[in-house]
Amino acid sequence: MRNKTYIGEISNYKDKDATISGWLYNMRSSGKLHFLMVRDGTGIIQVVVAKNDVDEKTFELCKELPQESSLKITGFVVEDKRAPSGYEIQAKNVELVHRADEYPITPKEHGTTFLMDNRHLWLRSSKQHAILKVRHSIIRACRDYFDNNNYTLIDAPIFTPAACEGTSTLFETDYFGSKAYLTQSGQLYMEAAAMSFGKVYCFGPTFRAEKSKTRRHLTEFWMIEPEIAYCDLDGDMDIAEEFIEYIVQRTLEERKEELKLLQRDTSKLETVQRPFPRISYDEAVKIIKDSGLEFEDGNDFGSLDETIVSEQFDRPVMVHRYPAAVKAFYMKGDPGDLSKALCVDVLAPEGYGEIIGGGQREDDLNILESKIKEHDLPMEAFDWYLDVRKYGSVPHAGFGMGIERAVSWICGLKHIRETIPFPRTISRIKP
RNA sequence: UCCUCGGUAGCUCAAUUGGUAGAGCGGGUGGCUGUUAACCACUAGGUCGUAGGUUCGAGUCCUACCCGAGGAGCCA
């Protein structure tokens, strides 16, 4: 079974015989000719079955093949302008591996709910296939960026004893009689690890139990979180922009075909190059107010606010120094204005909003303890975290990027749920 | 949790002021030697989300509930 030909490399077999193994994507028939569109995960190719070229049994078989039947086909490979991919196979033999039942997803239009109910089959469609290929490339680029820059991969736990930030709603689970929660971030663990390895990152699933029902939210999503010892906010922003530039440019190189199939305007990605604009929260507020929108000083940005700010630029914009009051307890205060936090959000262009949140962490033990009290968080849950400030505390910073939001932006999608193979949302846990 | 919209054939949708539930795709049967979401003919396929109510008569009007989609909040 190993020495077979993949459709993706069919051009190497021009004017030669080849055997492909795949699934029937669609079929058109014309009396004494059948046109089978066959896919195998690496590509799709037209197979021509002519009545005169095959035995009668084979020809009759192809006449009534259900969509998605699995097939092994041997034939002569030719270049032909009439074939959608430029190449086609003139069949000599067609072996039916399995006759499919009536396939629910037809070549016509369907609603998203129906397609999501059939997500396990929808993955076979060309658009979904392309999105997940892009996702794979983005994840590989993320890992390569950190691996090539001497970061150490440190896996964070999924079960956690208490809220990391105390803000989001967590999924609660029974842990041998006591309560445990599914992680909403690996960050606190990365801070501890950075004091051992210097530069670390984690990449894993993250869970939020908020009842968000929008095209930007999942209850289970993947986040990549670097953390760097001896790093301040400016250094953090340097890393974030270099990182985003790298993954976008890598994806443009590796996934031209897929982005074309997704009809992505790649000119809007080609401009994603350093330096990215860096503006303060106060400057962002001015942009929002100048646009005519009402905004109350000191508030966090809503999604419309983010869109208005990001529309001013042709590449991601980094907004730093938000009011400390709207940010998590571990953010370090700005020495120049303690009402502000040394944090940064990276807003993707074209209305895609926040893809990265991060900043410099509070490294002073006493300040951190009082922040925990201010936020009404249980001190005992953070004893280990406070230890990081007791034994050789240093300035450190990091950020987290939601993979699905990055994929959604880079692919130019309307819904985040198509960026993950099996999405989990407030109303979906199957398939 | 709140706001808006929706639920009719396997799928996508239509049905006029309340008056015999329809089309395309998919399925089935037949036809066609260059099809491009092929095409042509015929054919099968329905508890109109659920439960009540108004009416001679309800897919259509009223009430409650269930489910879904988008948005707000919250966030990546």
Side-chain angles (χ1 to χ4, degrees), chain A residues 25-37 44-53 59 63-64 66-68 78 80-86 88 90 100-118 121-122 125-126 164-170 183-187 203 205-225 240 299-306 326-328 345-348 352-358 399-409 414-417 419-420 425-428:
Chain A
Y25 194 70
N26 194 14
M27 185 175 81
R28 291 176 284 271
S29 197
S30 176
K32 290 166 187 165
L33 273 181
H34 302 309
F35 299 93
L36 315 183
M37 299 305 297
I44 184 160
I45 193 164
Q46 174 164 284
V47 175
V48 185
V49 184
K51 193 166 187 175
N52 294 336
D53 294 350
F59 191 78
K63 194 176 176 181
E64 36 136 27
Q67 193 184 345
E68 286 302 319
V78 295
D80 194 310
K81 281 178 186 166
R82 293 169 295 185
S85 73
E88 67 182 22
Q90 295 169 344
D101 279 3
E102 192 181 320
Y103 194 64
I105 302 176
T106 69
K108 289 282 179 178
E109 289 167 15
H110 297 284
T112 336
T113 305
F114 173 79
L115 290 168
M116 274 301 170
D117 285 340
N118 290 284
L121 303 176
W122 193 22
S125 302
S126 59
C164 287
E165 306 185 12
T167 51
S168 303
T169 320
L170 304 183
T183 182
Q184 64 167 342
S185 166
Q187 182 205 312
F203 177 56
T206 307
F207 307 88
R208 304 276 167 95
E210 277 133 8
K211 294 190 174 176
S212 301
K213 289 182 64 171
T214 80
R215 62 180 80 175
R216 299 184 309 283
H217 288 88
L218 296 165
T219 55
E220 177 183 319
F221 63 96
W222 287 66
M223 189 150 70
I224 191 153
E225 296 173 279
N299 276 7
D300 205 350
F301 297 140
S303 55
L304 184 59
D305 304 319
E306 285 184 355
V326 302
K327 288 292 177 181
D345 281 0
V346 181
L347 309 181
Y352 279 91
E354 183 180 352
I355 53 169
I356 278 181
F399 60 83
M401 184 184 80
I403 290 293
E404 287 77 13
R405 286 202 178 162
V407 175
S408 187
W409 163 49
K414 288 198 178 78
H415 299 90
I416 197 170
R417 61 190 163 197
T419 63
I420 186 166
T425 67
I426 183 171
S427 60
R428 178 172 299 282

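Labels below follow one simple rule: chain letters A, B, ... track the order of the sequence lines, proteins then strands, and each chain is numbered from 1. If you're wondering where the values come from, they're calculated on a predicted model, not measured in any experiment.
- At rA69(B), one or more side-chain N or O atoms of S427(A) fall inside 4.0 Å of OP1 or OP2 (strictly under the cut-off).
- Judged by distance alone, with hydrogens and angles left aside, R405(A) brings a side-chain donor or acceptor within reach of the base of rC75(B), the pair sitting under 3.5 Å.
- Considering only residues two or more places apart in sequence or on other chains, D53(A) meets the salt bridge (Lys or Arg N to Asp or Glu O under 4.0 Å) condition with none of them.
- Going from the C1' atom of rA44(B) to that of rG26(B) covers 13 Å, rounded to whole Å.
- For E220(A), there are no salt bridge (Lys or Arg N to Asp or Glu O under 4.0 Å) partners, not counting sequence neighbours.
- Within 4.0 Å of Q67(A), counting heavy atoms only, lies no atom of the nucleic acid at all.
- Within the 4.0 Å cut-off from OP1 or OP2 of rA72(B), at least one side-chain nitrogen or oxygen of R216(A) is found.
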Which nucleotides of RNA chain B pair, in dot-bracket form (Watson-Crick or G-U under 3.5 Å, | meaning another strand) = (((((((..((((.....[..)))).(((((.......))))).....(((((..]....))))))))))))....
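- With RNA chain B read from its 5' end, the first of the two nearest nucleotides for S29(A) and D80(A) is the one closest to D80(A).
- Taking K327(A) as the reference, D345(A) meet the salt bridge (Lys or Arg N to Asp or Glu O under 4.0 Å) condition, with sequence neighbours excluded.
- Annotation: side-chain contact (heavy atoms from CB on, under 4.5 Å) contacts of Q90(A) (sequence neighbours excluded): F76(A), V78(A), E88(A).
- Side-chain proximity of V48(A) to rG34(B), rU33(B), rA76(B): nearest is rG34(B).
- Contact annotation for D345(A): no contact, since no heavy-atom pair falls under 4.0 Å across all strands.
- Across Y103(A) and L121(A), no two heavy atoms sit closer than the pair OH-O, 3.1 Å.
- What you find for M223(A) and Q184(A) is that their closest heavy atoms are CE-O, 3.8 Å.
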Tabulate atom names and distances for all N/O pairs under 3.5 angstrom spanning the protein and nucleotides 3-13 of chain B.
unit_1: rC11(B); atom_1: O2'; unit_2: E109(A); atom_2: O; d: 3.3
unit_1: rC11(B); atom_1: O2'; unit_2: H110(A); atom_2: ND1; d: 2.4
unit_1: rU12(B); atom_1: OP1; unit_2: G111(A); atom_2: N; d: 3.1
unit_1: rU12(B); atom_1: O4'; unit_2: E109(A); atom_2: O; d: 3.4

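- Both A50(A) and P66(A) sit near RNA chain B, but only P66(A) has its closest nucleotide nearer the 5' end.
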